[in-house]
Amino acid sequence: MSAQADEEEGKIAPLGATPLEPDDLPYAVVMWNLPRTGVERVLARAASASLARAIFVAAQSEHLGRRIVLLHGARTIAESG
């Protein structure tokens, strides 16, 4: 199958497609600061729930003992620490 046929079937993005901006990605994995008064940094953003969950699990392993939160917009999906 040719690349053009794959593109027409939606399997690959066409060249020149506009990439998503970070603010367009609905899921975020954030790490809180040590006093737990607010977000220290956004670790990642994701377009899908399954990818966001995988990032969340990896962040928990990478930052043991820290509060890691998985958000969908302003809603908390999961948290640790």
Side-chain angles (χ1 to χ4, degrees):
M1 185 174 275
S2 71
Q4 183 176 2
D6 284 341
E7 183 179 319
E8 289 170 2
E9 290 182 23
K11 293 181 182 177
I12 61 173
L15 292 177
T18 305
L20 290 174
E21 294 295 322
D23 292 341
D24 294 336
L25 301 173
Y27 295 91
V29 177
V30 300
M31 180 170 62
W32 281 57
N33 60 17
L34 287 175
R36 295 184 179 221
T37 57
V39 173
E40 180 177 319
R41 66 182 162 149
V42 176
L43 298 173
R45 291 194 170 274
S48 71
S50 58
L51 178 57
R53 178 64 71 171
I55 294 167
F56 173 75
V57 170
Q60 287 178 298
S61 298
E62 187 72 19
H63 303 284
L64 295 174
R66 298 294 299 270
R67 183 173 183 212
I68 307 297
V69 180
L70 171 57
L71 302 166
H72 183 245
R75 193 176 106 216
T76 299
I77 304 297
E79 61 183 289
S80 70

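Predicted model, so just to flag it, every value in this text is computed and none were measured.
No single ILVMFWY cluster, assembled from side-chain heavy atoms under 4.5 Å apart, contains both I68 and L71. Taking hydrophobic clusters as Ile, Leu, Val, Met, Phe, Trp and Tyr residues chained together by side-chain heavy-atom distances below 4.5 Å, L70 does not share a cluster with V39. Taken together through direct or relayed side-chain contacts under 4.5 Å among Ile, Leu, Val, Met, Phe, Trp and Tyr, W32 and V42 form part of one hydrophobic cluster.
Remark: E79 pairs with R67 by the side-chain hydrogen bond (donor to acceptor under 3.5 Å, both in side chains) rule, at least two apart or across chains.
Heavy-atom minimum distance, L43 versus M31: CD1-CB, 4.0 Å. Between S61 and L64, the shortest heavy-atom distance links the atoms O-CG, 3.6 Å. Of all the heavy atoms in Q60 and S80, the pair that sits closest is NE2-CB, 2.9 Å. Of all heavy-atom pairs spanning L25 and A46, the tightest one is CB-O, 3.5 Å. The shortest heavy-atom contact between Y27 and A52 is CB-CB, 3.5 Å.
Summarising the geometry, atom NE2 belonging to H72 is positioned 12.5 Å from atom OG1 belonging to T76; distances are rounded to the nearest 0.5 Å. In this structure, the separation between NE2 on H63 and CD on E40 is 9.0 Å, given to the nearest 0.5 Å. In this structure, the separation between CG on D24 and CZ on R45 is 9.5 Å, given to the nearest 0.5 Å.
With contacts defined as side-chain heavy-atom distances shorter than 4.5 Å, the pair L34/R66 qualifies.
Within the structure, the ring-ring contact (aromatic ring centres under 6.0 Å, His included) test picks out no pair touching residues 38-57 (sequence neighbours left out).
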